[in-house]
Amino acid sequence: MKIPMSSPDLTAAEREAVAAVLRTPNLSMGAEIQAFEESFRQFTGSRHAIGVSSGTAGLHLCVRAAGIADGDLVITTPFSFVASANVLLFERAVPIFVDVDPDSGNIDPALVRQAAQDLLSGGTAARRWMPRSGYNPKLEALPLKALLPVDVFGQPADLDPLLDTAREFSLSVIEDSCEALGAEYKGRKAGTLGDCGVYAFYPNKQITTGEGAMIVTNDDRAAAMMRALRNQGRAPGDTWLQHTHLGYNYRLDEMSAALGRVQMARLDELIERRMQVAGWYAERLAELPEVEMPRLAPYTSRVSWFVYVVRFQPGLDRDAIARRLERAGIPARPYFLPIHLQPYMVERFGFRPGDFPVTEDLGLRSLALPFSGVMPESQVDIVCQTLSKVLQ
Ligand SMILES: Cc1ncc(COP(=O)(O)O)c(C=O)c1O
């Protein structure tokens, strides 16, 4: 028996909802996307919810709607899935990486404040935060536009101090909650804390639509722009072949939306099941002194487990452990490889090992174990027993 890295949690209700769409002629832009969006307005209390084809697409629309363009700077984290930084590069903006908190893996708000202050004051203080290449070094006033924090592994970033910094320096906040649907920060829902937030629905996420995502915002102007850009730049009043803006096809089809609507109705149950599996892991891994378990910050009033990522004590060879687990039939993945050390980032911005030491340390020591809400306790047992043997 092979233990999967992750599995969606689907029932007959999801299958029937998708099949029902296939019995109609409306496979795109119909009642299902409207119902799915409405479920997010209800859940988040946000004025607008916009279904899109992926988390990457959703974040890209947030970047476009915030007016972030060529040469603009955005402070973000190097400890994330690459898409959170790539969406800046799509618009030729410059990601200003700052390091993360070693416990949560989320962006360090004190560093963010310092970076914002230094960048806006210019001169040598600003240079400390800029990449070695990939921007115009002659710029006097640095065009810092936004913060893009990521809620890593289902735990919200420390948003209150980030929002203070954003207010102080008039910056937009785009919250990448692609991994954190259902998580709460001091009782407030992750994804709703900034100007706009994005949840993603790849099959390993809390809910899935196959591919897909949802943007939420209270900003009427941004929402109208994102709706237009999602749909090939058609503004209200445009016909099918009129395009007011340069847009994209970032629509979510009706089959995916139907699947998402049913999953969303089960969200609490899905999160609870993931919590239970994380609890089984925590009980067993407590007996392995070489393994550090995921740490929850005091501000996390509800975690919404996305992946279960452990860290090995310094000095242990994470990759060798992963290889031995694989050989024993247990998949495991390093999570994350730091964004600033991806080859195209190094080439463009001149990043080097050592630039973001906390991120790099986490990147070297972290391993995601098999995890999903449908994982039986017996499989958690097998993973932990095998890990224990490998460590011995
Ligand atoms: C933090 C983060 N941001 C963005 C994305 C992009 O989402 P998608 O894969 O749906 O494009 C993901 C998805 O894995 C993610 O984990």
Side-chain angles (χ1 to χ4, degrees), residues 5-8 36 40 49-64 74-91 95 97 100-101 104-107 146-157 159 162 173-183 185 190-191 193-194 196-216 226 229-230 248-253 256-257 259-260 263-264 274 294 303-309 333-340 342 345 359 362-363 366 368 371-372:
M5 190 66 212
S6 71
S7 312
F36 189 36
F40 269 81
I50 302 160
V52 288
S53 52
S54 72
T56 310
L59 290 166
H60 186 203
L61 292 187
C62 293
V63 167
R64 280 278 316 264
V74 177
I75 299 176
T76 188
T77 169
F79 190 65
S80 172
F81 184 70
V82 285
S84 58
N86 285 353
V87 295
L88 303 172
L89 271 54
F90 294 169
E91 296 304 320
F97 291 125
V100 298
D101 171 77
S104 66
N106 279 322
I107 198 164
L147 308 181
L148 199 162
V150 177
D151 302 330
V152 169
F153 303 155
Q155 183 169 203
L159 261 298
L162 294 175
V173 178
I174 298 169
E175 192 181 355
D176 180 345
S177 299
C178 286
E179 302 187 352
L181 174 63
Y185 174 79
L193 300 158
C196 50
V198 181
Y199 309 104
F201 312 136
Y202 189 72
N204 60 354
K205 296 291 197 304
Q206 291 87 349
I207 73 165
T208 189
T209 57
E211 300 285 355
M214 190 69 69
I215 307 167
V216 293
M226 292 192 282
L229 296 183
R230 165 182 77 168
Y248 314 92
N249 179 355
Y250 282 169
R251 297 184 300 258
L252 186 68
D253 65 66
S256 303
L259 174 51
Q263 288 261 286
M264 197 54 192
R274 296 171 89 92
V303 60
S304 176
W305 292 100
F306 160 51
V307 278
Y308 197 83
V309 178
R333 289 203 189 128
Y335 241 94
F336 297 107
L337 300 178
I339 297 179
H340 65 285
Q342 301 286 347
M345 287 279 179
T359 293
L362 297 182
S366 298
F371 182 73
S372 76

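Numbering of ligands and ligand atoms starts at 1, following listing order.
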Check this for me - ligand 1, [X], N or O atoms closer than 3.5 angstrom, yes or no?
{"X": "D176", "value": "yes"}
{"X": "S80", "value": "no"}
{"X": "E211", "value": "no"}
{"X": "V150", "value": "no"}

For [atom], what is the nearest protein heavy atom, given as residue, atom name and distance?
{"atom": "atom 13 (C) of ligand 1", "result": "K205 NZ, 3.0 Å"}
{"atom": "atom 16 (O) of ligand 1", "result": "E179 OE2, 2.6 Å"}
{"atom": "atom 12 (C) of ligand 1", "result": "F81 CD2, 3.6 Å"}
{"atom": "atom 7 (O) of ligand 1", "result": "G55 CA, 3.4 Å"}

Within 6.0 angstrom of Y248 OH, more than 12 heavy atoms from elsewhere: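 Enclosed.
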Option nearest atom 11 (O) of ligand 1 (shortest heavy-atom distance, choices V52, T56, T77, V87):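 It is T56 that holds the nearest heavy atom.
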Check: Y335 ring centroid to F371 ring centroid under 6.0 Å: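 Here the rings of F371 and Y335 have centres that are no less than 6.0 Å from each other.
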Side-chain donor or acceptor of N106 paired with backbone N/O of Q155 under 3.5 Å: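 Checking the backbone N and O of Q155 against the side chain of N106, a donor-acceptor pair under 3.5 Å is found.
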Smallest separation among heavy atoms of S177 and D151, with atom names: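 Taking S177 first and D151 second, the nearest heavy atoms are OG-OD2, 2.6 Å.
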Minimum heavy-atom distance A213-A200, with the two atoms named: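 Heavy atoms only, the tightest pair is CB-CA, 3.9 Å.
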Aromatic ring pairing H60/F90, orientation class (parallel under 30°, perpendicular over 60°, tilted between):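 Correct class here is perpendicular.
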Geometric class of the F201/F40 ring pair [parallel <30°, tilted 30-60°, perpendicular >60°]: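 Aromatic pair F40/F201 classed tilted.
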Numbering the atoms of ligand 1 from 1, which are under 4.0 Å from a heavy atom of [X]?
{"X": "L59", "answer": "4 (C)"}
{"X": "C178", "answer": "2 (C), 3 (N), 4 (C), 5 (C), 12 (C), 15 (C)"}
{"X": "A200", "answer": "7 (O), 10 (O)"}

Polar side chain donor-acceptor pair, Q206 to S304, under 3.5 angstrom: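 On atom types as modelled, these side chains qualify, holding a pair under 3.5 Å.
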